[in-house]
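Here is the structure we will look at.
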Amino acid sequence: MAHQSGIRASAELSTTFIDALSSNSVRALKISIVNESLETTDTIPIQGTLEEDFAQLPQLLDASEPCYLLVRLDEETSGKWLIGTYVPDSAKVRAKMLYASSKAAVTKSLGESYFVDDIFGTTREEFSPAGYRQHRRHVESSAPLTEREEEMQRIREMESSAAETPTMDTRRQHVSGATVAMNDELKVALGEYIRGSTNFVLVAWDPATECFVLDRKAWLESPAELMQAVAQDSPCYAFYWYGGSTSLFVYSCPSASNVRQRMVYSSFKYGFLVTVKQMGVNVHVKMEVDSIDELSASAIAEEVEAKAAEEAPRAAPSMQPKFKRPAPPGRPRTNPTLN
């Protein structure tokens with residue numbers, strides 16, 4: 001699966017980050033793993049320059065508890081951010097492993113194109129202004145970018161320059177600096193999916209029109225057909241009615257696919273889901289896969305069962321009758337309500 005640790009960003013974190021993007025008042029967010037979920041646990045407002053505000057970061061860090069720090073690098077809305085991973089040496093081994101394996105969950109959930117720099121540190125000093133300056137000197141003196149890194153940098157710059165500032169009107173269709181759009185054919189197919197007249201819809205991105213389009217729709221006879229129905233060599237989104245009652249959303253992003261395509265689908269995913277929800281498309285289970293092999297019938301069944309177990313209400317504690325001491329021999333029981 002895409003997030004190896006199983007940790008996911010909470011809805012509250014996604015909302016907080018979108019709010020931070022739409023304003024120029026937040027300098028940093030502290031992210032912690034709470035109950036197997038990524039949560040916002042503290043913030044720092046913009047009060048001065050980046051270096052001046054950087055001086056406040058160490059006070060967010062605990063001596064033995066790891067965390068992530070998201071730091072705005074400029075004062076523009078939908079701008080550039082740094083992600084810092086703080087893992088102190090005194091942290092527990094399990095916590096170290098969990099935070100080391102969950103950083104991708106943060107960037108993928110919030111939009112990878114925003115994060116143009118990252119820091120890993122084990123001490124508070126590494127997140128001070130001096131520590132950040134040393135980090136930048138090291139980065140700027142590093143070897144030249146590879147062709148892939150240059151392409152990813154161009155994509156980030158392109159998305160940043162084309163970004164629109166989210167407002168209350170555009171926020172529902174805004175994600176990672178772009179407005180989600182889809183053609184009429186896809187809208188019709190999603191309407192059929194809502195009504196149940198088709199149980200599978202495959203969505204693709206059309207770079208020529210810069211919108212999502214219908215790749216194909218079909219009626220799959222069994223979950224086993226999903227592996228063949230989903231694109232094998234390029235990213236895609238797919239909707240499938242599992243068992244006729246569970247709406248499954250699949251984000252497939254093959255590791256061998258084009259970098260530009262992967263960035264587009266990753267950046268638009270949140271906004272796409274918000275947009276289709278406004279259209280009436282309910283999603284009960286979400287799957288992110290790197291290979292179609294992860295879409296076997298058994299893997300899908302596991303995801304559906306895990307989601308059902310997660311949402312199942314806890315059984316109410318049984319009400320045990322209060323113990324009543326038996327009356328002594330020869331003395332009749334009395335009922336106080338009759339006295």
query: What closest approach, in Å, do Leu21 and Arg72 show between heavy atoms, and which atom pair accounts for it?
result: N-NH2, 4.3 Å
- request: Please step through side-chain contact (heavy atoms from CB on, under 4.5 Å) for the pair Val201 and Leu214, ending with a clear verdict.
  value: CA-CA 7 Å; Val201 174; Leu214 175 66; 3.8 Å; yes
field: Whether Arg27 side chain and Gly48 backbone form a donor-acceptor pair below 3.5 Å
entry: yes
- prompt: Any side-chain heavy-atom pair from Cys253 and Tyr265 closer than 4.5 angstrom?
  reply: no
task: Check Met287 against Glu294 and note the closest heavy-atom contact, atom names and distance.
output: CE-O, 3.8 Å
- prompt: To the nearest 0.5 Å, how far apart are CD in Gln261 and CG in Asp233?
  reply: 8.0 Å
message: Can you tell me how far apart CD1 (Ile46) and OG (Ser23) are? Round to the nearest 0.5 Å.
response: 7.5 Å
- prompt: Hey, what do you get for CD (Gln47) to OG (Ser25), rounding to the nearest 0.5 Å?
  reply: 11.0 Å
message: I need the minimum non-hydrogen distance between Leu61 and Cys67, along with the two atoms involved.
response: CD2-SG, 3.5 Å
Residue pairs, two or more places apart or on separate chains, that pass side-chain hydrogen bond (donor to acceptor under 3.5 Å, both in side chains) and touch residues 244-253: Tyr193-Ser247
statement: In terms of heavy-atom contacts, Gln228 and Ala224 come closest through OE1-O, 3.1 Å
- request: Using side-chain contact (heavy atoms from CB on, under 4.5 Å) as the criterion, point out the one residue from Ser37, Ser101, Ser102 that pairs with Ile7.
  value: Ser102
task: Output, in order, the C-alpha distance, side-chain angles, deciding distance and verdict of side-chain contact (heavy atoms from CB on, under 4.5 Å) for Leu110 and Phe115.
output: CA-CA 9 Å; Leu110 302 180; Phe115 300 100; 4.2 Å; yes
message: Please say yes or no: joined through hydrophobic side-chain contacts below 4.5 Å, possibly via intermediate residues, are Val203 and Leu273 part of one cluster?
response: yes
message: With a 3.5 Å distance limit and no angle check, can you tell me whether Ser109 reaches the backbone of Ala105 through a side-chain donor-acceptor pair?
response: yes
- prompt: Under the side chain to side chain contact (heavy atoms under 4.5 Å, CB included) test, which residues partner Gln59, sequence neighbours left out?
  reply: Gln56
field: salt bridge (charged side-chain N to carboxylate O under 4.0 Å, His left out) partners of Glu192, counting only residues at least two apart
entry: Lys217
query: So, for Pro58 and Phe127, which heavy atoms are closest and what is the spacing to 0.1 Å?
result: CD-O, 3.8 Å
message: Among Thr107, Leu29, Ile31, which residue satisfies the side-chain contact (heavy atoms from CB on, under 4.5 Å) criterion with Ile83?
response: Thr107
query: Mind checking what makes salt bridge (charged side-chain N to carboxylate O under 4.0 Å, His left out) contact with Asp117, not counting sequence neighbours?
result: Arg136
- prompt: Are Leu73 and Leu60 in one and the same hydrophobic cluster, where Ile, Leu, Val, Met, Phe, Trp and Tyr link if side-chain heavy atoms are under 4.5 Å apart?
  reply: yes
task: Mind listing the closest non-hydrogen atom pair of Pro66 and Val87 along with its distance?
output: CB-CA, 4.2 Å
query: When hydrophobic residues are tied together by side-chain contacts of less than 4.5 Å, even through go-betweens, does Val34 share a cluster with Tyr86?
result: no
field: Qualifying residues under ring-ring contact (aromatic ring centres under 6.0 Å, His included), relative to Phe212, sequence neighbours excluded
entry: Trp205, Tyr237, Phe268, Phe272
query: Between Leu50 and Val71, is any pair of side-chain heavy atoms under 4.5 Å apart?
result: yes
- prompt: Does Trp241 belong to the same Ile/Leu/Val/Met/Phe/Trp/Tyr cluster as Val276, with side-chain heavy atoms less than 4.5 Å apart forming each link?
  reply: yes
query: CG/Leu57 to OG/Ser128 distance, rounded to the nearest 0.5 angstrom?
result: 9.0 Å
message: Apply side-chain contact (heavy atoms from CB on, under 4.5 Å) to residues Lys103 and Asp118 and explain how you reach the verdict.
response: CA-CA 10 Å; Lys103 188 180 79 170; Asp118 66 88; 3.6 Å; yes
field: salt bridge (charged side-chain N to carboxylate O under 4.0 Å, His left out) involving Glu39 - partner list, sequence neighbours excluded
entry: none
query: Between Met97 and Phe120, is there a shared hydrophobic cluster once you connect ILVMFWY residues whose side-chain heavy atoms come closer than 4.5 Å?
result: no
- line: CG of Asp19 to OG of Ser14, rounded to nearest 0.5 Å, is 11.0 Å
Test log, rule side-chain contact (heavy atoms from CB on, under 4.5 Å), inputs Ile119 and Thr85: CA-CA 6 Å; Ile119 295 179; Thr85 306; over 6 Å; no
field: Selection residues 84-95 - residue pairs positive for salt bridge (Lys or Arg N to Asp or Glu O under 4.0 Å), sequence neighbours left out
entry: Glu36-Arg94
- request: List for me each residue that meets side chain to side chain donor-acceptor pair (under 3.5 Å) alongside Ser64, sequence neighbours excluded, and say none if there are none.
  value: Asp62
- request: Could you tell me the separation between the CG atom of Asn282 and the CZ atom of Phe239, rounded to the nearest 0.5 Å?
  value: 10.5 Å
- prompt: Is it true that a side-chain atom of Tyr68 and a backbone atom of Tyr99 form a donor plus acceptor pair closer than 3.5 Å?
  reply: yes
message: As a quick check of understanding, evaluate salt bridge (Lys or Arg N to Asp or Glu O under 4.0 Å) for Lys269 and Glu288, giving each step before the final call.
response: CA-CA 11 Å; Lys269 185 191 70 172; Glu288 296 186 15; 2.3 Å; yes
query: Side-chain contact, heavy-atom cut-off 4.5 Å: Val285 with Tyr242?
result: no
field: With sequence neighbours excluded, residues passing side chain to side chain contact (heavy atoms under 4.5 Å, CB included) with Leu220
entry: Asn199, Phe200, Ala218, Glu225, Leu226, Ala229, Tyr240
message: Can you tell me if Glu12 has over 12 outside heavy atoms packed within less than 6.0 Å of its CD?
response: yes
message: Under a 4.0 Å threshold between the charged nitrogen and the carboxylate oxygen, would Glu51 count as salt-bridged to Arg133?
response: yes
query: What class does the angle between the rings of Tyr114 and Phe17 fall in, given that below 30° is parallel, 30 to 60° is tilted and above 60° is perpendicular?
result: perpendicular
- prompt: Any side-chain heavy atom of Leu70 within less than 4.5 Å of one from Leu82?
  reply: no
What pairs of donor and acceptor atoms, side-chain ones from residues 180-188 against any protein atom, are under 3.5 angstrom apart with sequence neighbours left out?
from, atom 1, to, atom 2, distance (Å)
Asn183, OD1, Leu186, N, 3.0

Glu302: side chain to side chain donor-acceptor pair (under 3.5 Å) partners, not counting sequence neighbours: none
message: Going by salt bridge (charged side-chain N to carboxylate O under 4.0 Å, His left out), name the residues that satisfy it together with Lys30, two or more places apart in sequence or in a different chain.
response: none
